[in-house]
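Note that the numbering runs from 1 along the sequence shown for the chain.
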Amino acid sequence: MDERVMERAGETLRAGGLVAFPTETVYGLGGSALDAQAARRIYEAKGRPSDNPLIVHVADMEHLERIVREVPDAARRLAEAFWPGPLTMILNKNELVPYGTTGGLETVAVRMPSDGIALELIRRGGGYVAAPSANTSGRPSPTTAQHVFEDMDGRIPMILDGGPVSIGLESTIVDLTEEIPTILRPGYISLEMVQAVLGEARMDRGLISDDSGVRPKAPGMKYRHYAPRADLKIVEGPVDRVVSYINEQADRPGRVGIICTEETKGRYPKGDVKCIGTRKNELSIASHLFAVLREFDEDGVEAIYSESFRAPGLGEAIMNRLLKAAGHQKIDVTDRS
Ligand code: TXA
Ligand code: MG
């Protein structure tokens with residue numbers, strides 16, 4: 001961390017400007033959260049609809065207390081267990097938070113990241129940094145400073161490079177304004193981990209229902225996110241059948257991308273094969289997912305077939321992002337011979 005760089009970054013935020021910065025989940029595009037003008041600049045730089053609210057990043061509990069109507073007991077317990085870290089809480093906002101930051105909502109999303117550069121930037125930038133993922137709206141979230149540069153070059157004055165992030169999927173969002181604490185976006189902190197602290201918690205029905213009439217409550221979850229340019233399909237079933245199905249699809253003219261793991265990478269003789277990680281370590285899969293989707297955009301493949309990563313724990317969050325990237329296209333090969 002360079003003292004002069006951090007000082008300039010803090011000044012830029014305090015003057016209403018934007019700074020991209022690393023967090024443990026993905027890179028964020030930061031602006032002062034109490035400045036509606038800065039929020040407008042964030043939406044503009046991302047090309048994001050302004051009804052999609054931003055997460056306010058804080059560096060200590062006192063700053064949380066100053067922007068919400070109250071800090072419920074559940075929020076204190078979750079903060080105790082998971083902050084600083086990859087958890088965002090939805091609480092009732094007070095008058096300090098402009099509607100420009102919350103997309104017109106009476107609630108505000110708050111998170112305390114654990115990344116050292118992020119915490120230092122928040123402190124120097126005035127204590128409240130609104131930050132969505134630092135990608136152009138619709139592209140995979142950035143997990144390196146280079147990804148941010150690809151999307152934001154010429155649009156923002158500064159990117160802080162903290163190297164590749166460690167988790168690679170956006171934070172878990174828990175809504176604490178409902179009677180039962182509800183997960184609006186799955187992430188590294190799983191439903192089971194939240195239940196272990198609070199006793200009761202559930203998944204938003206809009207996330208798990210196949211009925212498209214049930215809308216997710218986090219406005220951002222309704223958009224088709226993380227979309228690669230190629231047509232992406234997820235292949236599910238016993239591993240041997242998955243491998244042979246994908247090999248059949250790859251055996252044709254035109255470039256076909258394949259997302260596989262260490263365990264299977266030697267079994268795909270054709271296609272643009274990308275190994276995402278190992279099934280022995282789910283974090284290795286999570287942390288490479290968005291980078292792999294970006295690489296396929298550069299390679300210019302026409303179609304992508306991905307193995308499925310269904311598993312307890314992090315698998316929920318990985319599949320949530322992958323399914324969204326695929327526009328929910330799944331192929332079940334269990335009954336194929
Ligand atoms: O890990 C993360 O959370 C990253 C890093 C930079 O901290 N940030 C991030 O922000 O993912 P973004 O803007 O890409 O996603 C924020 C999500 C959106 O789906 C948004 O709709 C939802 O949070 N959200 C924000 N405020 C909300 C609120 N008051 N009520 C419901 N959903 C909210
Ligand atoms: Mg995002």
Side-chain angles (χ1 to χ4, degrees), residues 2 5 8-9 12-13 17-31 38-50 52 54-55 57 86 113 115 117-118 121 129-171 187 220 223-232 255-259 272-277 284-304 306 317-318 321-322 324-327:
D2 183 312
V5 171
R8 236 184 83 202
T12 303
L13 288 182
L18 306 186
V19 176
F21 62 98
T23 82
E24 69 279 22
T25 57
V26 299
Y27 273 73
L29 177 56
R40 203 163 325 133
R41 289 197 184 100
I42 292 176
Y43 289 116
E44 224 174 76
K46 272 182 74 78
R48 166 167 172 160
S50 60
N52 190 1
L54 306 174
I55 295 175
H57 297 66
D115 183 279
I117 295 177
L121 178 71
V129 176
S133 48
N135 51 294
T136 304
S137 201
R139 291 213 74 200
S141 294
T143 53
T144 66
Q146 180 61 37
H147 295 159
V148 181
F149 185 76
E150 285 163 20
D151 286 13
M152 294 296 152
D153 183 26
R155 294 172 172 259
I156 61 171
M158 207 170 179
I159 302 170
L160 299 177
D161 188 348
V165 303
S166 56
I167 295 177
L169 301 176
E170 305 87 343
S171 61
Y223 297 106
R224 184 174 171 206
H225 258 201
Y226 326 113
R229 297 191 180 113
D231 188 47
L232 167 65
R255 295 193 78 181
V256 173
I258 297 171
I259 301 178
D272 183 357
V273 182
K274 296 204 193 294
C275 173
I276 189 172
S284 70
I285 296 175
S287 62
H288 293 120
L289 176 61
F290 290 142
V292 162
L293 293 178
R294 277 177 182 260
E295 280 172 34
F296 279 127
D297 280 352
E298 272 167 34
D299 296 356
V301 298
E302 286 158 24
I304 306 168
S306 176
I318 295 169
R321 306 309 194 278
L322 192 57
K324 273 161 67 77

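- Taking both residues in full, the closest heavy atoms of Ala131 and Gly30 are given as CB-CA, 4.0 Å, listed atom of the first, atom of the second, then distance.
- You'll find the side chain of Lys46 reaches within 4.5 Å of the side chain of Asn135, heavy atoms only.
- Formation of a donor-acceptor pair under 3.5 Å by the Arg321 side chain with backbone atoms of Leu169 is not found in this model.
- Across Arg41 and Gly17, no two heavy atoms sit closer than the pair NH1-N, 4.5 Å.
- One finds the CZ atom of Arg229 at 11.5 Å from the CG atom of Asp299 (value rounded to the nearest 0.5 Å).
- Between Asp115 and Val165 there is no side-chain heavy-atom pair separated by less than 4.5 Å.
- Side-chain contact annotation: Ser141 with Glu170, donor-acceptor N/O pair under 3.5 Å present.
- Distance check, rounded to the nearest 0.5 Å: CD1 of Ile318 to CD1 of Ile276 gives 7.5 Å.
- Two residues are said to be in side-chain contact when any heavy atoms from C-beta on lie closer than 4.5 Å; His147 and Tyr27 fail this criterion.
- Using a 4.5 Å heavy-atom threshold, the side chains of Leu29 and Arg155 count as separate.
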Go through Asp151 and Arg294 one step at a time and tell me if the salt bridge (Lys or Arg N to Asp or Glu O under 4.0 Å) criterion holds.
CA-CA 11 Å; Asp151 286 13; Arg294 277 177 182 260; 2.9 Å; yes
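- Residue Asp153 holds its CG atom at 7.0 Å from CD1 of Ile159, rounded to the nearest 0.5 Å.
- The minimum heavy-atom distance linking Leu18 with Gly31 is given by the pair CD2-CA, 3.9 Å.
- In this structure, Ser287 and Thr143 have side chains that are not in contact, with every pair of non-hydrogen atoms separated by 4.5 Å or more.
- You'll find the side chain of Ile117 stays beyond 4.5 Å of the side chain of Asp161, heavy atoms only.
- Taken from CD in Glu24 to CD1 in Ile167, the straight-line distance is 5.5 Å, to the nearest 0.5 Å.
- Across all non-hydrogen atoms, the minimal contact from Ala325 to Pro228 is O-CD, 3.5 Å.
- Applying side chain to side chain contact (heavy atoms under 4.5 Å, CB included) to Pro132 and the options Asn52, Ile55, Leu54 leaves one that passes, Leu54.
- One finds the CG atom of Leu121 at 5.0 Å from the CG atom of Leu13 (value rounded to the nearest 0.5 Å).
- Distance SG/Cys275 to CD1/Ile285: 8.5 Å, rounded to 0.5 Å.
- What you find for Ile259 and Ser306 is that their closest heavy atoms are CB-OG, 3.6 Å.
- Across all non-hydrogen atoms, the minimal contact from Phe296 to Asp272 is CE2-O, 3.5 Å.
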